Amino acid sequence: MFKFKAFRAIDDPERCQNFVQGHADVLRQYGVTKVTSSNNDWMKNPFVYVITVELQETGEIVSGLRIHIAHPDYPLPMELAVSQVDHKIFGLVREYGVHGTGEVSGLWNSKSISGYGVGAVLLIRAGIAIAEQLKLGSLLALVAEYTLMPSLKKGFEIEEGVGNSGTFFYPKLDLVATSIVMKDPINLPLADKDERDFIHMLRKNLQTTRTETGPKGDFLVEYDLVIQNTDWRKDV
């Protein structure tokens, strides 16, 4: 059984540390060994929310993502990345930030659970689901080519206001990244019906256990998506 747990980063340092360790282990499996501690500053950022996926039996974190809420003192990861090639990203984030915007970031998945559809499917749906608790007017992301289509099905669209109609060569010249935005994460008008129905179901059942079906068959998921501290606006 998998357990999905949502929380504000600064409220659970131990889970954050396990998230970082799990992500670093995955990067090492793919040959990425230079992971700087500065990449983990988000653990002390009061505007970051996290969803982890744990193995129920062991508590090991095997997948996760973060939502960074835009704030002048805490640039979004995509602001830091995209500004290397296009400074218009700062104005774009300010514009969306008027009504509250967040970036879906840091998605990773352990090789040990690849093929279940946990990270690429269920975890992204859960991330969109908690946008309602956080009262976000939009969601942003910077995605690789292989995650673009699944993201569009969930209600994102390409944000053409930066880069070459939304695309960049990032993080290196032979890789293409695309900036995407979800302009209505509450009603999800652009999402495929099955995606929209699932996300709305999660919002009505933030704490539930369900049998999910993926490429490897059926498996149990315990969702605990109730966030204790969602009033980030009081700190803005």
Side-chain angles (χ1 to χ4, degrees), residues 1-7 9 12 14-36 39-40 42-43 48-68 77-78 81 102-131 139-156 170-172 175-178 180 182 192 194-195 198-199 202 209-225:
M1 180 189 288
F2 297 103
K3 179 177 181 179
F4 284 50
K5 173 68 176 174
F7 57 96
D12 198 334
E14 183 177 351
R15 259 201 180 89
C16 287
Q17 191 57 54
N18 291 337
F19 177 110
V20 167
Q21 185 60 51
H23 193 189
D25 290 345
V26 169
L27 291 174
R28 275 192 289 272
Q29 290 171 11
Y30 287 99
V32 180
T33 56
K34 293 183 179 179
V35 182
T36 64
N39 292 340
N40 302 324
W42 60 266
M43 291 193 290
V48 171
Y49 292 82
V50 185
I51 303 178
T52 54
V53 181
E54 303 170 7
L55 296 179
Q56 188 76 295
E57 301 79 14
T58 64
E60 178 190 358
I61 293 179
V62 291
S63 187
L65 63 70
R66 307 188 304 268
I67 293 182
H68 291 237
M78 70 183 298
E103 178 187 352
V104 181
S105 177
L107 175 65
W108 64 275
N109 210 54
S110 170
K111 279 186 174 181
S112 64
I113 63 162
S114 62
Y116 281 95
V118 167
V121 180
L122 298 179
L123 188 53
I124 296 176
R125 287 172 176 170
I128 297 168
I130 68 170
L139 284 173
L140 295 161
L142 193 62
V143 297
E145 289 179 281
Y146 64 90
T147 52
L148 177 59
M149 191 52 65
S151 299
L152 297 181
K153 289 185 176 183
K154 290 174 177 61
F156 283 92
Y170 180 84
K172 50 186 181 177
L175 294 175
V176 176
T178 303
I180 56 175
M182 182 180 288
D192 288 359
D194 58 338
E195 296 283 359
F198 192 100
I199 293 164
L202 275 184
T209 299
R210 289 171 42 91
T211 298
E212 305 292 9
T213 302
K216 290 189 174 181
D218 294 347
F219 53 94
L220 276 176
V221 175
E222 177 190 344
Y223 292 96
D224 184 2
L225 302 179

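All values reported here derive from a predicted model rather than from experimental measurement. Along the sequence shown, residues carry numbers from 1.
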Taking the side chain as C-beta and beyond, is there a heavy-atom pair between [X] and [Y] under 4.5 Å?
X    : Y    : result
T52  : N18  : no
Y223 : T209 : no
S105 : M78  : no
F4   : S63  : no

### Message
Please verify the inter-ring angle class for Y116 with F219; under 30° counts as parallel, over 60° as perpendicular, anything in between as tilted.
### Response
perpendicular
Starting at [atom1] of [X], measure out to [atom2] of [Y] and round the result to the nearest 0.5 Å.
X    : Y    : atom1 : atom2 : answer
Q56  : L220 : CD    : CG    : 9.5 Å
I130 : Y49  : CD1   : OH    : 9.0 Å
D25  : I61  : CG    : CD1   : 11.5 Å
K111 : N109 : NZ    : CG    : 12.0 Å
D218 : R210 : CG    : CZ    : 11.0 Å
F198 : D192 : CZ    : CG    : 14.5 Å

### Task
Return yes when atom CD of E14 has more than 12 non-hydrogen atoms of other residues, nucleotides or ligands closer than 6.0 Å, and no otherwise.
no
Specify the closest pair of heavy atoms between [X] and [Y], including all atoms of both residues, with the distance to one decimal.
X    : Y    : value
S151 : T147 : OG-O, 2.7 Å
A126 : L225 : CB-CD1, 4.2 Å
L139 : F156 : O-CE2, 3.7 Å
E195 : R125 : OE1-NE, 2.7 Å
I67  : G127 : CD1-O, 3.3 Å
L107 : G119 : CD1-O, 4.0 Å

### Message
Exactly one of V221, L122, L123 should register a side-chain contact (heavy atoms from CB on, under 4.5 Å) with V53. Which one does?
### Response
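Of all the options given, the one that passes is L123.
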### Task
Verify side-chain contact (heavy atoms from CB on, under 4.5 Å) between F19 and R66, making sure each step is shown before the conclusion.
CA-CA 10 Å; F19 177 110; R66 307 188 304 268; 3.7 Å; yes
### Query
Would L27 and W108 satisfy side-chain contact (heavy atoms from CB on, under 4.5 Å), going step by step from the backbone distance to the final call?
CA-CA 9 Å; L27 291 174; W108 64 275; over 6 Å; no
#### Entry: Chi angles and distances behind the side-chain contact (heavy atoms from CB on, under 4.5 Å) call for I128, K154
CA-CA 9 Å; I128 297 168; K154 290 174 177 61; 3.8 Å; yes
### Task
Mark yes or no for whether K216, through its side chain, and S114, through its backbone, hold a donor-acceptor pair below 3.5 Å.
yes
### Query
Would I124 and V104 satisfy side-chain contact (heavy atoms from CB on, under 4.5 Å), going step by step from the backbone distance to the final call?
CA-CA 8 Å; I124 296 176; V104 181; 5.6 Å; no
### Query
Hey, are E54 and K3 close enough for a salt bridge, meaning a charged N less than 4.0 Å from a carboxylate O?
no
